Visitor: 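Dropping the structure in here first, questions after.
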Amino acid sequence: MPRPEVQAPPEIFYNEVEARKYTTSSRIIEIQARISERALELLALPDDGVPKMLLDIGCGSGLSGETLTEHGHHWIGCDISKSMLDVALERETEGDLLLADMGEGLGLRPGVIDGAISISAVQWLCNADKSSHEPRLRLKAFFGSLYRCLARGARAVLQFYADNVKQSEMLVSFAMRAGFAGGVVIDWPHSSKAKKSYLVLTCGAPSVNTSLPKGKGQDGEACSDDDDDDDSDDDQTVGTYGRDRMKKRQKVNKNNRGKDWLLRKKEQMRKRGRDVPADTKYTGRKRKSRF
Amino acid sequence: MRLLTHNFLASNMKGVSTGYPLGLEVVKSTIKEVELNADFLRGILPKLDWRALAAATSAAGYPDLLPAEQPSEAEFFAEGAAEFEDSPIRRLHRALLEIHIDEGTLVCPESGRTFPIQKGVPNMILHEDEVRA
Ligand SMILES: C[S@@+](CC[C@H](N)C(=O)[O-])C[C@H]1O[C@@H](n2cnc3c(N)ncnc32)[C@H](O)[C@@H]1O
């Protein structure tokens, strides 16, 4: 079965029938609860027993929010599917609900939210579901507004399903551009079923600890044949892009072809037996224009 | 929707600069009692827009619940205050967490655009031409 994201826009896909099916499947309930627990753990809220004001982005029928409630927190949930929210109302979820499209930006005052989670939702932003949709603009609006509404030092943990590495990198790069520090934590990277990716983001305050937590099941026995992440120097996480590293990453030309791309291309050419200049520190550098 | 949520909401339409507080017109509201947590309220207090909260409380049908001016921290968190029915912290708790707006309208303070609240859920979805580019 293809992923929901490629079948129809979310507000169409999650219609009454689908919303009910989704929320009555014990398998889905269990998976979403497990992911939400993990997201809450990665959110690393202060361990002071004081309830926090959290955000659940793409809250759907409230499965993910339920985990927040169980831990005693207050939350505001937003979702673009009215049918999903209707099911949430039926289930009498504790959170306050908003019918809203995250791609239009979150309409919240600056600095008021203590932490945000999003479970299995932000990958929708990579699609253009309407002719007026420009994924880049929507990603920019979303991450910009998320950054603004979070209190300084607060975190956002967004679990997502990316179709490919490009989508995942796109999410990371827009998050960094909005000012976040962080990257992607991958749990169970060697299992096609259990593998889960979390974008773990910290807002502002460079003094706060922004090092990425370790993914689960990283030291897995099985050799990873699907792990083709060639430029990862850190086995724990993929894409530990701090702000500095992102700045370097952004040094790419208009066609999005930076040094990494060039190096990969050269390697490909070498494999095909072409004669390619050796890689040096000058490779892919911008040349001064000469007159 | 609770008034705490209303206090944190803003309109983010194209052309709007701050977009809060959102005007609130109430057709139906209810009260659902929940346990008071003084530590939570202490954390929320500095983030509140008091005038907006007082106005929203009146709009919801409780004009006498909150004073126009915000009480001091000492008044809120005086020893044993949470035990008294009428204490500032009890009133704050009621205003923020126990009043629910079921039916009504939110109004963008700058553009006048209205957002309907149905079954407690505000519809904040914008038209294409209202989205910031
Ligand atoms: C797989 S469901 C997850 C729901 C919930 N977080 C959970 O864990 O059960 C994905 C949700 O994302 C919502 N969604 C997709 N695109 C959205 C958007 N642009 N704005 C808000 N919600 C969106 C969908 O409507 C759907 O309810």
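The figures here come from the full heavy-atom set of this structure, side chains too, leaving out hydrogens, waters and symmetry mates. Each chain gets a letter, A, B and so on, in the order the sequences are listed, and its residues count up from 1. Computed from a predicted structure; not experimentally measured.
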Visitor: With a 6.0 Å cut-off (strictly less than), is the heavy-atom count around CD of A:Glu16, excluding the residue itself, greater than 12?
Guide: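 Counting neighbours around CD of A:Glu16, 12 or fewer heavy atoms of other residues, nucleotides or ligands fall under 6.0 Å, so no.
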Visitor: Non-hydrogen atoms of chain B under 4.5 Å away: do they reach the side chain of A:Ile80, the backbone, both or neither?
Guide: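 Both parts, backbone and side chain.
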Visitor: To the nearest 0.5 angstrom, please state how far the CG atom of A:Leu137 sits from the CZ atom of B:Arg132.
Guide: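 The CZ atom of B:Arg132 is 13.0 Å from CG of A:Leu137, to the nearest 0.5 Å.
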Visitor: Counting only non-hydrogen atoms closer than 4.5 Å, does B:Phe8 touch chain A with its backbone (N, CA, C, O), its side chain (CB onward), both, or neither?
Guide: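 The answer is both parts of B:Phe8.
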Visitor: Keeping to residues at least two apart or across chains, list the side chain to side chain donor-acceptor pair (under 3.5 Å) pairs with something in residues 104-117 of chain B.
Guide: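 Pairs touching residues 104-117 of chain B that pass the test: B:Ser17-B:Glu110, B:Thr18-B:Glu110, B:Arg113-B:Glu130.
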Visitor: To the nearest 0.5 angstrom, please state how far the CD1 atom of A:Ile76 sits from the NE2 atom of B:His6.
Guide: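 Spacing of CD1 (A:Ile76) from NE2 (B:His6) equals 11.5 Å.
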Visitor: Using the rule given for side-chain contact (heavy atoms from CB on, under 4.5 Å), can you reason through A:Leu89 versus B:Val121, listing the C-alpha separation, both sets of side-chain angles and the distance that settles it, and then say yes or no?
Guide: CA-CA 9 Å; A:Leu89 288 174; B:Val121 182; 4.0 Å; yes
Visitor: Of the backbone (N, CA, C, O) and the side chain (C-beta and beyond), which part of B:Thr5 lies under 4.5 Å from a heavy atom of chain A, both, or neither?
Guide: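 The answer is both parts of B:Thr5.
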Visitor: Examine whether an atom of A:Leu108 lies under 4.5 Å from a heavy atom of chain B, and if so say whether it belongs to the side chain, the backbone or both; otherwise answer neither.
Guide: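 Both the backbone and the side chain of A:Leu108 come within 4.5 Å of chain B.
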Visitor: Before accepting this row, confirm whether a basic side-chain N of the pair A:Arg109/B:Asp49 lies closer than 4.0 Å to the acidic partner's carboxylate O.
Guide: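 Here A:Arg109 does not pair with B:Asp49 in a salt bridge, since their nearest N and O are not under 4.0 Å apart.
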Visitor: Please list, in residue-number order, every residue in residues 52-63 of chain A that has a heavy atom less than 4.5 Å from any heavy atom of chain B; write 'none' if there are none.
Guide: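 From residues 52-63 of chain A, the residues near chain B are A:Lys52, A:Met53.
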Visitor: Under 4.5 Å, heavy atom to heavy atom, which residues of residues 50-83 of chain B contact chain A?
Guide: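 So no residue qualifies.
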Visitor: Any side-chain heavy atom of B:Leu9 within less than 4.5 Å of one from A:Leu98?
Guide: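 They are in contact (side-chain heavy atoms under 4.5 Å apart), so the answer is yes.
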Visitor: Find the distance between CD1 (A:Ile113) and NZ (B:Lys47) and round it off to the nearest 0.5 Å.
Guide: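 Rounded to the nearest 0.5 Å, the CD1-NZ separation comes to 7.5 Å.
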Visitor: Using non-hydrogen atoms and a 4.5 Å limit, figure out which bit of A:Ala141 sits close to chain B: side chain, backbone, both or neither.
Guide: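 Contact with chain B involves no heavy atom of A:Ala141 at all.
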Visitor: Heavy-atom cut-off 4.5 Å, strictly under: side chain, backbone, both or neither for A:Leu97 against chain B?
Guide: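 It is both, since atoms from each part get that close.
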Visitor: By number, which residues in residues 37-46 of chain B have some heavy atom less than 4.5 Å away from chain A?
Guide: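 B:Asn37, B:Asp39, B:Phe40, B:Ile44, listed by number.
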Visitor: Given the options A:Ser145, A:Gly107, A:Gly103, which has more heavy-atom pairs under 4.5 Å with chain B than any of the others?
Guide: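 Of the candidates given, the most pairs with chain B belong to A:Gly107.
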Visitor: Please find the pair of heavy atoms, one from B:Met124 and one from A:Glu104, that lie closest to each other, and give the distance.
Guide: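 For B:Met124 and A:Glu104, the tightest heavy-atom pair comes out as O-OE1, 4.1 Å.
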Visitor: Pick one of side chain, backbone, both or neither for B:Leu48, based on which atoms fall under 4.5 Å of a heavy atom in chain A.
Guide: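 For B:Leu48, backbone heavy atoms alone lie under 4.5 Å from chain A.
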Visitor: If we ignore hydrogens and angles and just use 3.5 Å, is the side chain of B:Asn12 paired with the main-chain N or O of A:Gly105 as donor and acceptor?
Guide: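 Pair found, side chain donor or acceptor close to backbone of A:Gly105.
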Visitor: Between atom CD1 of B:Ile117 and atom CG of A:Leu99, what is the distance when rounded to the nearest 0.5 Å?
Guide: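 Going from CD1 on B:Ile117 over to CG on A:Leu99, the span is 12.5 Å.
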Visitor: Can you say whether A:His133 sits under 4.5 Å from chain B via the side chain, the backbone, both, or neither, judging by heavy atoms?
Guide: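 Neither the backbone nor the side chain of A:His133 comes within 4.5 Å of chain B.
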Visitor: Relative to chain B, which segment of A:Glu94 carries a heavy atom at a distance below 4.5 Å: side chain, backbone, both, or neither?
Guide: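 Interface part for A:Glu94: both.
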